[in-house]
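Below, chains carry the letters A, B, ... as their sequence lines are ordered, and counting in each starts from 1. Side chains included, hydrogens not; waters and symmetry mates left out as well; all remaining heavy atoms used.
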Amino acid sequence: MFFMNWPAKPNVKEIKMKQLFTFIRKEFLHVFRDRKTLLMLFGLPIAQIVLFGFALSNEIKDSRIALVDYSKDAVTTRLIGKIEASHYFDIRRSLAGGNELQAAFKRGDIKMAVIFPANFGDDLIHTGKATVQVIADASDPNQATTVTNYFQSIITDYNAELSGNAEQPMQITAEMQMLYNPELRGAPNFVPGVMALVLMLVCTMMTSVAIVREKEMGTMEILLVSPFKPIYIIIAKLAPNLLISIVNLFIILVLSDIFLDLPVRGSILLLVFCSILFIMTSLSIGLLLSINAKTQQAAMMGSLMGMMLPTMLLTGFLFPIENMPIFLQVLSNAVPSRWYFIIVKRVMLKGLGFGDVWKETAILAGMCILLFAISLRNFKIRLQ
Amino acid sequence: MKTLRFLLEKEFRQLLRNRQLMRTLLLAPLIQLILLPTAADYSVKNIAIVVTDNDHSTTSRRLIEKIVSSGYFKLAAYTDAYPKALTMVEQDKADLALQIPEHFERDLVRENKKQLFVAINAIEGTKANLGGAYLASIIGDFNNDVRVQFGAITTTQQGGPAAATITQADPPQVTVASSNWYNPYLKYPLYMVPAILVTLVTAMVAMQSAFNIVQEKESGTIEQINVTPIKKHIFIIGKMIPFLVLGIVLFTMGLLIGRLLYGVKPLGSLLTLYGSLVIYLFAMLGLGLLLATYSGTQQQAMSLSFFFINIFNMMSGVFTAVDSMPGWAQAIVSTFPPSHFIRIMRAVVLKGSGFGDIKYEIAWMVGIGVILNVWAVLNYRKTA
């Protein structure tokens, strides 16, 4: 019975799985061999979280201002003392006024000018009224408004002093309580935003070259003639990027806990689960780009030029989404990082549970499935 | 010189032939410039407020009415229980919770004093700060209304003989006359359009020049050039000029869009603007070249340039003011060419600054540009 010597017929399923693992291994080798890219991939989140976490803030302080005092009396001296004492302003120079002010504004030396007219103190004492003139550099409207408001509050203080702190009747006071971020730091807002931004862009970018690279190098042909299902090619391509992103996620979480004092208040398991969902969604976007691009260059430009700025702006961590025009608000719904940003804020910063993020999670899951399905459909098994 | 001409012809042909790439290079930035500036709006409006009214008096109702009619706040809900309101803040359904305690009106009249409670979601620092300030000023206003209504105090205008007996003489007051230069209507797009244009030109020029050279490396065509007697610097200049031209074209189209759509008309001289642009592009092309010399594959070039571009975008003062960063961060930022060019753009376009006003920024860019280019040329090897 010579056929007895033949090896037993192997299980088809087993072969398939083995093929898949071999292929995944090949992809991992590709990634790990490219030390420079790997270094960048891990260096990027670390550098950005630390840099952005410490450096970025919306707070406006130490604004450079010019003081022009035409009066030079006891009242203006007292007021200037008050301005100096506040940490909002950094008095740069006392200019003569007029053209010199304009020049200082144009050089960007000062953000605001405060002008005390002549006889300021006399007016205040004799007529009971004096007006100080304030000019703000409104080319940055936010800064102009804030700086003017700060100044206004100093003057209000002074006025209260003038009225002798007399007890006002029927006083309504308000006790303001700042929840979740009592010191109004920038990091609690920027860290979740940067997490969403970095994870999304890294995933999309890395995957966007995956398929098109094989096409460009000509190795796609070999893959297509092999008895290998398209879905396996895709899974194998995504696996290393998924792993790298999960490692990145943990690096970010550890860094923000240690350096920025932002521990995960809610369930880590939930956060990781949502993050993986978000990472897979971003991978699917990259996949779709990669399948449709003709060259690596086009894929990269698409994923970087096309996505960087919209992701930054429409995630909602720089500018409030509800302030945007309606069509941008609608558009922002299609940006996965927007939903992920909400999830991270709630789970990580506020410590909420699944009950409060199920909607966002469901949206991410829906996006992920949809994008993956479209990619699979568009994946051509022929070259032309 | 003749060699350069032929090289340029080759580069331009290759660039213009790749339709998909050209579309991404020109259309993607312009579409973003059309859509995104409106997304960048810091002005805080539509703050969602949840009110807990435990008093149910005429006074409490009038306070709520005053808050809602101010235009800054929209009433998210009206509850009886403060914990319920806090839950809404927790779930992001409201940004701010106001509690009017029981016997608010009665105690105000009897005890001359009553406290309100406000809880603000402070994760977004700016919004919390401004929201709190708006609410405080509305409450202050309301306080005056209440005093007038209950006859506790009268203003001088209304002060009839009867009321005058209650009022003391008005204390002296300092008032603030504020004016906003360069952007009197505080329009945010005016401030954002020049900066967004810079980020788009940056991303395109720096990355594209890096990719382009690496692509020749990857496809092996660079060897063909290396064996020719073409000088290293001629080759590099040949690679740079097309992207310099592309950058200028993109910049010009961007300026036109800014002018037509957002009314951003450069106040300063175009010569200053374009002169700075060329210096800036020189520096950024140097960066692209440098990145190219350090990368062997397009993927490496991409991750390297993504690293820089992303940090440039976030740190160069496009979205958050460089002035509000800590000193060490400002020192780092001053080595980023985009931070200088963005400052120049805003100064020249919005304030009409001349060359003399921006000479330090120009000097920085020239210095960084020379360093980057020299470094890149030294690091570039004609041998593969």
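Contacts between B:V349 and chain A at a heavy-atom distance below 4.5 Å are absent for every atom of the residue. At a 4.5 Å heavy-atom cutoff, the contact between A:L352 and chain B is made by side-chain atoms alone. Using a 4.5 Å cut-off between heavy atoms, A:I135 contacts chain B through both its backbone and its side chain. Using a 4.5 Å cut-off between heavy atoms, A:M312 contacts chain B through its side chain alone, with no backbone atom that close. A:F151 touches chain B through its side chain: at least one heavy atom from C-beta onward sits under 4.5 Å away, while N, CA, C and O do not. For a residue to count as touching a neighbouring chain, one of its non-hydrogen atoms must lie under 4.5 Å from one of that chain's; by this rule A:V209 touches chain B with the side chain only. Using a 4.5 Å cut-off between heavy atoms, A:F54 contacts chain B through both its backbone and its side chain. With a threshold of 4.5 angstrom between heavy atoms, A:L124 approaches chain B through its backbone and through its side chain. Residue contact with chain B, scored on non-hydrogen atoms closer than 4.5 Å, involves the side chain of A:E216 exclusively. Contact of B:D107 with chain A is not made at all, since no heavy-atom distance falls under 4.5 Å. Only the side chain of B:A347 comes within contact range of chain A, with at least one heavy atom under 4.5 Å from a heavy atom of that chain. Using a 4.5 Å cut-off between heavy atoms, A:I155 contacts chain B through its side chain alone, with no backbone atom that close. For B:Q115, the parts sitting under 4.5 Å from any heavy atom of chain A are the backbone and the side chain alike. Contact annotation for A:D356: only side-chain heavy atoms (C-beta onward) come within less than 4.5 Å of a heavy atom of chain B. Looking at A:L197, only its side chain comes within 4.5 Å of chain B, counting heavy atoms on both sides. Proximity to chain B (any heavy atom under 4.5 Å) is shown, for A:M205, by both the backbone and the side chain. Contacts of A:T148 with chain B are made by side-chain atoms alone, with heavy-atom separations under 4.5 Å and no backbone atom involved. Residue contact with chain A, scored on non-hydrogen atoms closer than 4.5 Å, is absent for B:K359. Using a 4.5 Å cut-off between heavy atoms, A:A299 does not touch chain B at all.
Distance NZ/A:K106 to OH/B:Y182: 6.5 Å, rounded to 0.5 Å. The CE atom of A:M324 sits 8.5 Å away from the OG1 atom of B:T38 when rounded to the nearest 0.5 Å. In this structure, CG on A:L39 lies 9.0 Å from CG on B:L304, to the nearest 0.5 angstrom. For the atom pair CD (A:Q296) and CD (B:Q299), the distance works out to 7.0 Å, reported to the nearest 0.5 Å. Rounding to the nearest 0.5 Å places CZ of B:F211 at 10.5 Å from OG1 of A:T295. B:L36 contributes atom CG, which lies 10.5 Å from atom CZ of A:F319 (distance to the nearest 0.5 angstrom).
Note on A:R346, A:Q133, A:K345: by heavy-atom pairs under 4.5 Å with chain B, the leading option is A:R346. Highest contact tally toward chain A, considering only B:I139, B:L190, B:I311, is held by B:I311 [criterion: heavy-atom pairs under 4.5 Å]. Chain A forms more heavy-atom pairs under 4.5 Å with one residue of B:I332, B:V333, B:N313, B:I309 than with any other, namely B:N313. Ranked by heavy-atom pairs shorter than 4.5 Å toward chain A, the options B:E218, B:E361, B:Q330 are led by B:E218. When each of A:S303, A:A293, A:A130, A:A144 is checked for heavy-atom pairs under 4.5 Å with chain B, A:A130 comes out on top. Counting heavy-atom pairs closer than 4.5 Å to chain A, the top residue among B:M192, B:M325, B:Q208 is B:Q208. Note: A:L201 leads A:I321, A:L201, A:L41, A:T145 in heavy-atom pairs under 4.5 Å with chain B. Most heavy-atom pairs under 4.5 Å with chain A, from the set B:G354, B:G356, B:G352, B:G140: that is B:G352.
Between A:L44 and B:F306 the shortest heavy-atom distance is CD2-CE2, 3.1 Å. A pairwise comparison of heavy atoms in A:A138 and B:N183 identifies O-CB, 3.0 Å as the closest pair. Closest approach of A:L314 and B:A39 over heavy atoms only: CD2-CB, 4.5 Å. Of all heavy-atom pairs between A:N189 and B:I123, the closest is CB-O, 3.2 Å. Between A:F105 and B:K351, the shortest heavy-atom contact is O-NZ, 2.8 Å. Taking all atoms of both residues into account, the shortest heavy-atom contact from B:D357 to A:A103 is OD1-O, 4.3 Å.
With hydrogens and angles ignored, the 3.5 Å screen pairs no side-chain donor or acceptor of A:K36 with any backbone N or O of B:S303.
Between A:M300 and B:Q298 the shortest side-chain heavy-atom distance falls below 4.5 Å. Considering only heavy atoms from C-beta on, B:T199 stays 4.5 Å or farther from A:M308 through its side chain. A heavy-atom distance below 4.5 Å is found between the side chains of B:T297 and A:R213. At a threshold of 4.5 Å between non-hydrogen side-chain atoms, the residues B:R346 and A:D140 do not count as touching.
Annotation: B:Y360, atom OH; neighbour count of heavy atoms from other residues, nucleotides and ligands within 6.0 Å does not exceed 12.
Scanning for side chain to side chain donor-acceptor pair (under 3.5 Å) contacts around A:K82 gives A:E161, with sequence neighbours left out.
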